[in-house]
2 protein chains.
Amino acid sequence: MVDEQDFLAAYDPRAYPSVAVTVDVVALTIRDDALHLLLIQRGQPPFEGHWALPGGFVRPEEDLTAGARRELAEETGLGGAGLRRVHLEQLGSYGAPDRDPRMRVVSVAHLAFAPDLPDPAAGSDADEAIWLPVTALTSRQLAFDHGRIIDDALERARSKLEYTPLATRFLAAEFTISELRAVYETVWGHPLHAGNFHRKVLSVPGFVESTGASTERGGARGGPRARLYRAGDARLLHPALLRPAREETVR
Amino acid sequence: MVDEQDFLAAYDPRAYPSVAVTVDVVALTIRDDALHLLLIQRGQPPFEGHWALPGGFVRPEEDLTAGARRELAEETGLGGAGLRRVHLEQLGSYGAPDRDPRMRVVSVAHLAFAPDLPDPAAGSDADEAIWLPVTALTSRQLAFDHGRIIDDALERARSKLEYTPLATRFLAAEFTISELRAVYETVWGHPLHAGNFHRKVLSVPGFVESTGASTERGGARGGPRARLYRAGDARLLHPALLRPAREETVR
DNA sequence: CATGTCTCTCTCAATCTGAGAACATCTCGA
DNA sequence: TCGAGATGTTCTCAGATTGAGAGAGACATG
């Protein structure tokens with residue numbers, strides 16, 4: 001069971017064939033009531049012209065999450081203050097031996113939830129980064145195994161909204177219950193009952209807290225001014241805000 | 001933002017400083033109504049004499065999960081057939097720059113649920129592997145950041161029992177509802193109401209299916225023979241089997 | 001064979017959810 | 001300026017789910 005390489009590596013990991021480690025980020029935001037993610041069109045082979053997640057090699061002195069935060073900052077043009085409202089978590093690692101034709105590359109994928117951000121400045125990095133609606137993904141060619149990473153990320157995002165208050169990270173610091181509901185409807189992909197959602201959000205301890213203020217105007221198409229809330233101090237929703245039953249996905 | 005190394009790596013990842021990638025496995029099982037995990041006492045520095053998770057370097061031709069499965073097989077002595085009943089999933093990656101004093105090592109941690117297995121054969125691998133009760137962890141010195149990995153794994157395990165039927169992976173192919181309840185009580189660390197648990201398990205579609213048979217004898221301390229079930233075809237529990245409220249952990 | 005344990009079912013109250021409705025407030029176009 | 005329509009918020013009510021307790025019957029042990 002113990003081969004020569006393992007034996008050497010036990011004393012000195014440098015004796016083992018090297019692997020490159022990258023961090024990739026699935027950055028999600030909501031624009032015009034549609035879920036968007038940040039993609040970059042590749043300028044060189046492999047997969048030249050295909051779309052890829054923002055990412056790059058981990059630097060020697062930085063932690064994995066720090067690398068992801070750096071990549072996100074580079075591609076969005078966001079500074080330290082702006083990044084603070086962005087949620088970033090590790091999604092998982094992807095390391096199939098043939099996922100990069102050049103050499104063995106293990107990618108540590110991350111997932112980010114961001115409020116609506118301006119379009120990336122074209123000159124901030126060498127490549128062209130854009131916010132693409134997830135519904136437009138099928139028409140784009142994706143590089144490497146990024147299609148699978150994105151699928152996993154979207155499912156994680158849907159799931160996270162159920163038991164964490166992270167939906168608020170898609171919104172400004174102050175928001176209305178209806179705006180929060182729109183986040184859920186966009187990420188989950190189906191409408192929710194306004195009254196029941198309202199009741200549920202206010203009943204979960206620490207989900208949101210009232211600012212006391214209201215919006216300046218009513219809704220664009222009518223309706224009264226809405227009360228404003230900010231994110232509460234809960235890290236988990238209890239009881240959770242569950243998606244309606246989805247029998248198909250269960251088996 | 002684009003430094004020399006990034007620039008080179010864009011064309012050839014080999015130009016980038018190398019990182020070692022390992023897979024580690026937090027293998028959990030239940031013995032004598034106590035949660036145990038597989039640990040190995042290290043025979044060489046660094047952390048000589050400390051306890052570590054089974055793991056090792058990823059081989060060039062194997063996927064991450066395949067590497068974890070191989071490590072698990074080596075340390076448990078389990079063959080292909082035995083491994084099939086073991087649940088294995090990726091937990092997350094740990095890559096703090098200083099987590100291994102020798103060089104930059106990124107570890108892709110995995111989580112395994114196994115039925116009660118025999119003690120590892122002493123000669124199956126160079127190191128001494130044992131099943132240690134998780135309650136005894138505080139008295140052992142753990143190598144690297146394996147303490148944190150184990151903490152994360154235990155929390156993941158507790159959470160997984162809520163919304164997946166994976167508790168059955170701790171049991172033999174056929175089991176009683178009481179044995180299943182014992183798994184939950186062991187992993188969650190507190191007793192459950194027998195009647196309500198029974199009702200819930202049978203009401204969740206696809207969680208368990210009846211074999212029609214019953215145990216040969218009653219319980220060791222009395223009681224009727226119990227009906228036997230096997231795992232159903234559900235991959236998710238819907239509605240979930242939630243832990244009782246835990247206000248403390250929420251904020 | 002008496003005692004205590006355990007499986008399994010049942011009841012009841014409390015809570016939560018889904019669906020619908022009521023009502024006041026506001027925007028917009030006629 | 002006014003009416004129509006949309007929206008925010010609160011209620012009601014029925015159905016489902018959960019927590020707690022109780023009880024009938026089967027079984028091991030001494």
(message) Tell me whether the rings of B:Trp188 and B:Tyr184 are parallel (<30°), tilted (30 to 60°) or perpendicular (>60°).
(response) perpendicular
(request) Using a strict cut-off of less than 4.0 Å between a Lys/Arg side-chain nitrogen and an Asp/Glu carboxylate oxygen, indicate whether B:Arg31 and B:Asp119 qualify as a salt bridge. (result) yes
(message) I'd like to know if the side chain of B:Lys200 and the backbone of B:Ala240 have a donor-acceptor N/O pair within less than 3.5 Å.
(response) yes
(request) Using a strict 4.0 Å threshold on nitrogen-to-oxygen distance, state whether A:Arg243 and A:Glu155 make a salt bridge. (result) yes
(message) What's B:Gly218 touching, base or sugar-phosphate or nothing? Going by heavy atoms closer than 4.0 Å.
(response) sugar-phosphate
(message) Main chain of B:Phe113, side chain of B:His87: is a donor-acceptor contact present, judged purely on distance under 3.5 Å?
(response) no
(request) Side-chain contact test, heavy atoms from C-beta onward, threshold under 4.5 Å: evaluate it for B:Leu137 versus B:Leu37 and give yes or no. (result) yes
(request) Could you tell me whether B:Arg230 and B:Glu209 make a salt bridge, using a distance below 4.0 angstrom between a side-chain N and a carboxylate O? (result) yes
(request) Starting from P on D:dT18, measure out to NE2 on B:His198 and report it in whole angstrom. (result) 16 Å
(request) Could you state the atom-to-atom distance from CG of B:Leu241 to P of D:dT17 in whole Å? (result) 13 Å
(request) Find which nucleotide of DNA chain D each of B:Arg217 and B:Ser203 is nearest to by heavy atoms, and output the residue with the more 5' nucleotide. (result) B:Ser203
(message) Between B:Thr215 and B:Ala226 (side chain of the first, backbone of the second, donor and acceptor by atom type, cut-off under 3.5 Å), is there such a pair?
(response) yes
(message) Is there a side-chain contact between B:Leu39 and B:Leu142 in this structure, where contact means two heavy atoms from C-beta onward sitting under 4.5 Å apart?
(response) yes
(request) Under 4.0 Å from any atom of DNA chain C, heavy atoms only: list the residues of residues 178-196 of chain A that qualify, in numerical order. (result) A:His193, A:Asn196
(request) Take atom CZ of B:Arg199 and atom P of D:dA16, then tell me their distance rounded to the nearest Å. (result) 14 Å
(request) Would you mind reading off the distance between B:Arg221 atom CZ and D:dC27 atom C1', rounded to a whole angstrom? (result) 14 Å
(message) Checking contacts here: which listed nucleotide (D:dA26, D:dT9, D:dT17) is nearest the side-chain heavy atoms of B:Pro224?
(response) D:dA26
(message) Any side-chain N or O of A:Arg227 below 4.0 angstrom from OP1/OP2 of D:dT9?
(response) yes
(request) Flag the pair A:Asp152 and A:Arg156 as a salt bridge only when some basic side-chain nitrogen lies within less than 4.0 angstrom of an acidic carboxylate oxygen. (result) no
(message) How long is the straight-line distance from CD of A:Glu179 back to CG of A:Asp33, given to the nearest 0.5 Å?
(response) 10.0 Å
(request) Go through DNA chain C in 5' to 3' direction and return only the first and the last nucleotide with some atom under 4.0 Å of chain A's heavy atoms. (result) C:dT17 to C:dC28
(request) Please tell me which of A:Lys200 and A:Ala220 maps to the more 5' nucleotide of DNA chain C, matching each residue to the nucleotide holding its nearest heavy atom. (result) A:Lys200
(message) Does anything in residues 165-174 of chain B come within less than 4.0 Å of DNA chain C? Heavy atoms only, and list the residues if so.
(response) none
(request) Measure from the side chain of A:Leu202, starting at C-beta and using heavy atoms only, and say which of D:dT17, D:dA26, D:dT10 lies closest. (result) D:dT10
